[in-house]
Asks: 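Dropping a structure here in structure tokens format, bear with me for questions.
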Amino acid sequence: MINGQISFWLSGPESPTPPPTDQLLSDISVDVAIVGGGVTGLWTAWALSQAEPSWRIAVFEAERLGFGASGRNGGLLSSKTVGSRKVLAKAAGGREAVMQTEKLVETAMHDVVNILGADNIHAHHGGWLQVARTPSELARLRKGLQGQRSWGIDELSLRLLAPDEVTERIRVDKPLGALYSPDNYAVDPARMVFELAKAVMALGVQVYTNARATDLEPGALLVAGRRVRARSTVIATEGYTAAQSRHRRSVLPINSSQLVTEPLTDAQWDEIGWGGYESLAGAAHTFFYSKRTHDGRIAIGGRGHPYRFGSGFDTNGIVDPETVDDLMSVLSELFPQISVTPAHAWCGVLGVARDWSPFVDYDRGTRTIRVGGYVGQGLAAALVAGRTCADLLLGRDTSYTQSPWVRPMPRRWEPEPLRWIGATGIYRAYSWADERERRSTAPKTSVLARIADKAAQR
Ligand SMILES: Cc1cc2nc3c(=O)[nH]c(=O)nc-3n(C[C@H](O)[C@H](O)[C@H](O)COP(=O)(O)OP(=O)(O)OC[C@H]3O[C@@H](n4cnc5c(N)ncnc54)[C@H](O)[C@@H]3O)c2cc1C
């Protein structure tokens, strides 16, 4: 099994070739400097250059294209809620603005596929399932569905499936029910970043790789030892923001692990179904998410060690063997009828703001935007955020700029060791809660999980 090498999507046997990028060899001046070559930075460049083709726009990526979460994620492109509705509804626009922004995310989900091309990014429109396998998980899904209805989410967008409806789609072992939504595409993350980079470069944007910004002074950046003068700056460094001085506690880099199996045989696919390429997630507190890949493997993510002391990062996605075992045991619990072999495991960081909700923080004085904080729902959100950044810099008043995402970055995370104790303690409490719930026939959520929810302030 391959471990690390950033991700299977970037270094697997059929990974796409990255488009040629620029190297920064001299000082430059641009209209907009974008720091971070993930989907947020690239969609921002795309939206800006569509609207203002005459602007000189440059994207600076410290490593290679897709080095961050954008090249390592699960490839589930959905219109699920990004952040906390309750938190975002406290903004001036209230509940209406929250739901209006969710519509923008839904539109963005389809736009991503239409703009980049379904075949180019191996997109399969299959919806998503969140399956319950214990009475407490089912009770939580029911309660969650009631909550969704109170926000106006109808039967067409989200419904509860009976056990036989679940197994008609995916033959998971002993499901008790599942939430189902048609709003999801399974995509190939590396193809998505590369196609987007190509689209952006075709619009005239300079995309620099191996171009780390070491000084983020507004208007005057230092990138790979060169001076970059910019009228406006967008900082789209998501989980890696924690490496910047003055921002070590702004965004928590939460680790998520992934694994793909060796390709399944046709007989194995016949055993488990999954002909619709739905994304499949669990309803346990220690969450998993998975999909059928374009080349006939199962990709599964979640578990693992959620946080490294001092907001640390992985080395090229190397994952610990315990996490691989954990993910494999989730697969054998879900599909005891088949035996699968792990082929490649890796991990990456996603960005979490203190109130678990996204932000597009625009300092009009310095014309600097900091953007991110989508937790694990960044693929459609990044296009919304990119369009929002563009409208803000262009001085437009639109549904994007009126979104509750446009707000100052939330308050900072706690200093160490509190941050480490909190993050690891909460995750451990969720694991214990899952174990208790698995042994119980009661539909009650474990008190441990409720305490952990309170502590996490989710
Ligand atoms: C394992 C995993 C699974 C996930 N699964 C899903 C999923 O299935 N669906 C979904 O919607 N979301 C998922 N997410 C979240 C999603 O991938 C992210 O929200 C999204 O990719 C964020 O994009 P971004 O461009 O903001 O950040 P990133 O992709 O992290 O990009 C930030 C970039 O900034 C660069 N950078 C950092 N510092 C500097 C600097 N000083 N100078 C220049 N460049 C710098 C980094 O190298 C990095 O490439 C997952 C995330 C992970 C980690």
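All ligand and atom numbering here is 1-based and tracks the order in the structure.
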Asks: Heavy-atom contacts with Val349 under 4.0 Å: which atoms of ligand 1 show up? List them by number with element.
Replies: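 Ligand 1 atoms under the 4.0 Å threshold to Val349: 53 (C).
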
Asks: For the pair Arg159 (side chain) and Tyr180 (backbone), establish whether a donor and an acceptor sit closer than 3.5 Å, ignoring hydrogens and angles.
Replies: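 It does not hold such a pair.
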
Asks: Which of the numbered atoms in ligand 1 are below 4.0 angstrom from a heavy atom of Gly348?
Replies: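 What qualifies from ligand 1 is 53 (C).
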
Asks: Ligand 1 versus Ala211, non-hydrogen atoms closer than 4.0 Å: side chain, backbone, both, neither?
Replies: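 Backbone only.
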
Asks: Which is it for Val35 and ligand 1 at heavy atoms under 4.0 Å: side chain, backbone, both or neither?
Replies: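 The part of Val35 near ligand 1 is the side chain, not the backbone.
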
Asks: Compute the shortest N/O to N/O distance between Leu379 and ligand 1 and return yes if it is under 3.5 Å, no if not.
Replies: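 Looking only at distances, the answer is yes, because the N/O contact criterion of under 3.5 Å is met.
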
Asks: Should the ring pair Tyr185 and His125 be called parallel, tilted or perpendicular, given that the plane angle runs from 0 to 90° and is split at 30 and 60?
Replies: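 Parallel: the ring planes of Tyr185 and His125 meet at under 30°.
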
Asks: Arg72 heavy atoms, cut-off 4.0 Å: which ligand 1 atoms fall inside?
Replies: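 Reading through ligand 1 atom by atom, the close ones are 1 (C).
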
Asks: What residue among His124, Arg169, Lys291 forms side chain to side chain donor-acceptor pair (under 3.5 Å) with Glu278?
Replies: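 Exactly one pass, corresponding to Arg169.
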
Asks: Consider side-chain contact (heavy atoms from CB on, under 4.5 Å). Of Leu334, Leu331, Val260, which one does Ile298 pass it with?
Replies: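 The passing option is Leu331.
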
Asks: Is there a polar contact, in the sense of an N or O pair closer than 3.5 Å, between Ala380 and ligand 1?
Replies: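 In fact, backbone or side chain, Ala380 has no N or O that close.
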
Asks: Give the numbers and elements of all ligand 1 atoms closer than 4.0 Å to a heavy atom of Gly74.
Replies: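 So the answer, numbered in order with elements, is 3 (C), 4 (C), 5 (N), 6 (C), 7 (C), 8 (O).
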
Asks: If the contact criterion is a heavy-atom separation under 4.0 Å, does Gly376 count as touching ligand 1?
Replies: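 Heavy atoms of Gly376 do come under 4.0 Å of ligand 1.
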
Asks: Is Gly301 in contact with ligand 1, taking contact as a heavy-atom separation below 4.0 Å?
Replies: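 Flag not set, Gly301 not near ligand 1.
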
Asks: Does anything in residues 215-228 form a side-chain hydrogen bond (donor to acceptor under 3.5 Å, both in side chains)? List the pairs, not counting sequence neighbours.
Replies: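 Residue pairs with at least one partner in residues 215-228: there are none.
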
Asks: Any nitrogen or oxygen of Ser70 lying under 3.5 Å from a nitrogen or oxygen in ligand 1? Just yes or no.
Replies: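 There is such a contact, yes.
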
Asks: Looking at non-hydrogen atoms alone, which of Ile34, Leu42, Asn73, Leu221 comes nearest to atom 14 (N) of ligand 1?
Replies: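 The residue whose heavy atom sits nearest atom 14 (N) of ligand 1 is Asn73.
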
Asks: Purely on distance, is any nitrogen or oxygen of Ala213 under 3.5 Å from one on ligand 1?
Replies: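 N/O-N/O distance below 3.5 Å exists for this pair.
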
Asks: Near Gly75, which atoms of ligand 1 are under 4.0 Å from a heavy atom of that residue?
Replies: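 Taking each heavy atom of Gly75 in turn, ligand 1 has 8 (O) under 4.0 Å.
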
Asks: Under a 4.0 Å heavy-atom limit, does Tyr374 contact ligand 1 with its side chain, its backbone, both, or neither?
Replies: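 Under 4.0 Å from ligand 1, Tyr374 contributes side-chain atoms alone.
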
Asks: Between Arg292 and Tyr277 (side chain of the first, backbone of the second, donor and acceptor by atom type, cut-off under 3.5 Å), is there such a pair?
Replies: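 Checking the backbone N and O of Tyr277 against the side chain of Arg292, no donor-acceptor pair under 3.5 Å is found.
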
Asks: Compute whether any side-chain donor of one residue and acceptor of the other, for Glu102 and Thr81, lie under 3.5 angstrom apart.
Replies: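 Side-chain D/A pair, Glu102 to Thr81: present.
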
Asks: Which of the numbered atoms in ligand 1 are below 4.0 angstrom from a heavy atom of Phe67?
Replies: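 Once the distances to Phe67 are compared, the set is 47 (O).
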
Asks: Any N/O of Thr40 closer than 3.5 Å to an N/O of ligand 1?
Replies: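 Yes, Thr40 has an N/O under 3.5 Å of an N/O on ligand 1.
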
Asks: Under 3.5 Å, which donor-acceptor pairs do the side chains of residues 202-209 form with other protein atoms, sequence neighbours left out?
Replies:
residue	atom	partner	partner atom	Å
Gln206	NE2	Asp22	OD2	2.8
Thr209	OG1	Thr21	OG1	2.7
Thr209	OG1	Gln23	NE2	3.4

Asks: Do the numbers put Arg419 on top of the ring of Phe309, so that NZ or CZ is under 6.0 Å from the six-membered ring centre and no more than 45° off the axis?
Replies: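 No; the conditions do not both hold, so Arg419 does not lie above the ring face of Phe309.
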
Asks: Is the Lys NZ or Arg CZ of Arg354 less than 6.0 Å from the centre of Trp413's six-membered ring, within 45° of the axis?
Replies: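 Relative to the ring axis of Trp413, which defines the angle, Arg354 lies inside both limits.
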
